[in-house]
Amino acid sequence: MPPQEIDIRPVSHLTTDAIGQPGKRVFYIQAWQGERTITLIAEKIQIQSLAVGVEQFLAELTQRFPDLPEASSSYVEEKMHIHPPVDPLFRTGELGLGYDAEDDLVVLIAREQVAEGDDPNEADVVRFWCTRSQLRAMCHWGIEVTSRGRPVCPQCGEPMDPEGHLCPKKNGHQRQQLI
Ligand SMILES: [Zn+2]
């Protein structure tokens, strides 16, 4: 099958979300175009790096185009949760960013993860065209979602599972022995 290339221009909504138990959450990127939803699987680290990358990218745009109004980062949480059907098109490999100055639209480019040795040109590609504010809001929400994982152990700084935590700072002793 030739690789699919999907351009959603523009998206009506763009978001990210996580589903599952803390520590086992799966992260998604989802865009809407009217009634249609396009969903991709992503890694938590990809959402976190994207948030950093987007801020740098927007700062560069402001330097290149000083007259651009500031992009808003505000979002309404109820609108940011993923909508069914959660039927992901693919697992995201690379994420890239681009800009169309004429329409003042940014594009988030997601490439399918390919197995080692496979031709990267065979990867499916989705391009989410959105406003700078839509992208920034998605990233700010993404930072919030990624930080809502497992609580961090005050002793060692590692995440704690709901079932308990073998803390290396306590030599792995989880509870005190009963006498
Ligand atoms: Zn610990």
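The figures here come from the full heavy-atom set of this structure, side chains too, leaving out hydrogens, waters and symmetry mates. Whatever order the structure lists them in is the order used to number ligands and atoms, beginning at 1.
- The one candidate from Val145, Thr16, Val86 that meets the side chain to side chain contact (heavy atoms under 4.5 Å, CB included) condition with Tyr28 is Val86.
- Side chain of Arg136 to main chain of Ala71: a donor-acceptor pair is present (N/O by atom type, distance under 3.5 Å, no hydrogens or angles).
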Quiz: residues 34-42 side-chain donor-acceptor pairs under 3.5 angstrom, not counting sequence neighbours:
{"from": "Arg36", "atom 1": "NH1", "to": "Gln33", "atom 2": "OE1", "distance (Å)": "3.0"}
{"from": "Thr39", "atom 1": "OG1", "to": "Gln30", "atom 2": "NE2", "distance (Å)": "3.0"}

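- For the Zn ion (ligand 1), the count of nearby protein N, O or S atoms, meaning those under 2.8 Å away, is 4.
- For Gln63, the side-chain hydrogen bond (donor to acceptor under 3.5 Å, both in side chains) test picks out no residue, with sequence neighbours left out.
- Partners of His13 according to the ring pair (Phe, Tyr, Trp, His ring centres under 6.0 Å) rule, which considers only residues two or more places apart in sequence or in another chain, are Trp32.
- Remark: Gln56 CD to Glu60 CD distance equals 7.0 Å, nearest 0.5 Å.
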